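Here is the structure we will look at, set down as structure tokens.
What you are looking at is a predicted structure, and each value in this text was computed from that prediction instead of being measured. Every number for a ligand or one of its atoms is a count from 1 in the order of the listing.
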Amino acid sequence: MKIGIIGSGNMGRSLGILWAEQGHDVFFGARDLEKGKAVAEAGHGTKGGTNDEAAIFGDILLYTVRGVNPAEVFSSTEVLSGKILIDCNNFDIPEGFAFPPIVQSLAEKLAAEVPNALVVKAFNTMAQEVFELAPTPLKDYEVSVFVAGDDSQARQVVMSLAKDIGFAPVDCGALRNARMIEGVGDFIRFLLISQLQNPYTTISVNTLPPAQQQRLGGRQTSNLH
Ligand SMILES: NC(=O)c1ccc[n+]([C@@H]2O[C@H](COP(=O)([O-])OP(=O)(O)OC[C@H]3O[C@@H](n4cnc5c(N)ncnc54)[C@H](OP(=O)(O)O)[C@@H]3O)[C@@H](O)[C@H]2O)c1
């Protein structure tokens, strides 16, 4: 697939290199043309240049520019028409990790700013350090990537990109659910920065085999969930 990286910092550089290693065509974009070119020196046939060039190049774009309206990043947002725009962003961490409730996710804000693009939330619930383990030994640990977006085909594409680099994608349905996924992003950062102080802290969703017997009486009728 042709992937354009918008902002080639920690997330853009890491994911771009991983996808290029898997045979995808990757273009690193940056505000500064020379920076984009420098990141492309990572090899694997990657190219580098401006964010405009990356957006034109990619059918799938990784948007790592937190909270900035694409109208300020590109000469024209027309370039995003019909493209899959992966939003990996998390809100800034407030004092004492006192996150306010999320009433509009960053992904929904992005989708409202560029209604012509297919925005998909993903890759916001693990630290950069985890990408350093990809695709092996990462794939042995089944680390979840939560994927939400209103276009089901776009979600499938992003899920396959997550799988390519050793993650276990979880289909989370509509883009509105990015509010919960960003909440998980806040929670994991609270855990890994404040509590465990270990950037290799991850979340894996497991579905267990059903119990052979319901010796506790099983689930009884209740109005509570
Ligand atoms: N790092 C992690 O472990 C991690 C994990 C999960 C999610 N995230 C989320 O991913 C997002 C990116 O994080 P990061 O660690 O990659 O940050 P980063 O290393 O600081 O990279 C951010 C990128 O955004 C670009 N940028 C900033 N303001 C811009 C603007 N006004 N116009 C155009 N480009 C702009 C920067 O370009 P310049 O280089 O030109 O300044 C840089 O390439 C954040 O929302 C973060 O919360 C990060």
* Thinking salt bridges, do K37 and E41 make one under a 4.0 Å N-O criterion? -> no

* Using a strict 4.0 Å cut-off to heavy atoms of F123, name the atoms of ligand 1 that fall inside it. => 6 (C)

* Asked: Relative to atom 46 (C) of ligand 1, which among I5, N90, L62, V68 owns the nearest non-hydrogen atom?
  -> N90

* To do: Output yes when a protein non-hydrogen atom is found under 4.0 Å of atom 17 (O) of ligand 1, and no otherwise.
  => no

* Asked: With a 4.0 Å cut-off on heavy atoms, is M126 touching ligand 1?
  -> yes

* Under 4.0 Å from any heavy atom of C88, which atoms of ligand 1 are there? -> 7 (C), 8 (N), 9 (C), 10 (O)

* Return a yes/no value for V73: is any of its N or O atoms, backbone included, closer than 3.5 angstrom to an N or O of ligand 1? => no

* Would you call the rings of F123 and F131 parallel, tilted or perpendicular if under 30° counts as parallel and over 60° as perpendicular? -> tilted

* What residue and atom, counting heavy atoms only, is the protein's closest point to atom 15 (O) of ligand 1, and at what distance? -> N10 CB, 3.4 Å

* Just which atoms of ligand 1 are under 4.0 Å from any heavy atom in G7? -> 43 (O)

* Asked: Of the backbone atoms (N, CA, C, O) and the side-chain heavy atoms from C-beta on, which set of K35 has a member under 4.0 Å from an atom of ligand 1: side chain, backbone, both, or neither?
  -> side chain

* Asked: Does the side chain to side chain contact (heavy atoms under 4.5 Å, CB included) test come out yes or no for E182 and L106, once each step is laid out?
  -> CA-CA 8 Å; E182 291 180 14; L106 288 163; 3.5 Å; yes

* To do: Ignoring hydrogens, just give me the one of N51, D87, N89 whose non-hydrogen atom is nearest atom 45 (O) of ligand 1.
  => N89

* Specify the closest pair of heavy atoms between G12 and L62, including all atoms of both residues, with the distance to one decimal. => CA-CD2, 3.9 Å

* **Closest approach of any protein heavy atom to atom 42 (C) of ligand 1, naming residue and atom** => G9 N, 4.1 Å

* Considering non-hydrogen atoms only, spot the tightest contact between G16 and I5 and give its length. => CA-CD1, 3.8 Å

* To do: Kindly check if the number of other-residue, nucleotide or ligand heavy atoms within 6.0 Å of NZ (K163) is above 12?
  => no

* Is any N or O atom of T125, backbone or side chain, closer than 3.5 Å to an N or O atom of ligand 1? -> no

* To do: Look at the aromatic rings of F74 and Y63 and report parallel, tilted or perpendicular, splitting at 30° and 60°.
  => tilted

* H44 and W19: CA distance, side-chain angles, deciding distance, side chain to side chain contact (heavy atoms under 4.5 Å, CB included) verdict -> CA-CA 9 Å; H44 306 286; W19 284 324; over 6 Å; no

* Applying a 4.0 Å heavy-atom criterion (strictly less than), which segment of F91 is in contact with ligand 1: side chain, backbone, both, or neither? -> neither

* Distance below 4.0 Å between atom 21 (O) of ligand 1 and any protein heavy atom? -> yes

* **Nitrogen or oxygen of Q128 less than 3.5 angstrom from that of ligand 1** => yes

* Closest non-hydrogen atom pair between K121 and A107, with its separation -> CD-CB, 3.6 Å

* Asked: Are F28 and F57 an aromatic pair by the rule of ring centers under 6.0 Å?
  -> no

* Asked: Using a heavy-atom cut-off of under 4.0 Å, does the side chain or the backbone of S8 touch ligand 1, or both, or neither?
  -> backbone

* Considering only protein heavy atoms, which is closest to atom 41 (O) of ligand 1, and at what distance to one decimal place? -> R31 NH2, 2.7 Å

* Asked: Tell me: protein heavy atom nearest atom 4 (C) of ligand 1, and distance?
  -> M11 SD, 3.4 Å

* Greater than 12 external heavy atoms within 6.0 Å of Q128's CD -> yes

* To do: Return yes if some donor-acceptor pair links the side-chain N/O of D150 with the main-chain N/O of A174 below 3.5 Å, else return no.
  => no

* Structure fact -> Restricting to heavy atoms, the pick from I188, V65, N69, T64 nearest atom 12 (C) of ligand 1 would be T64

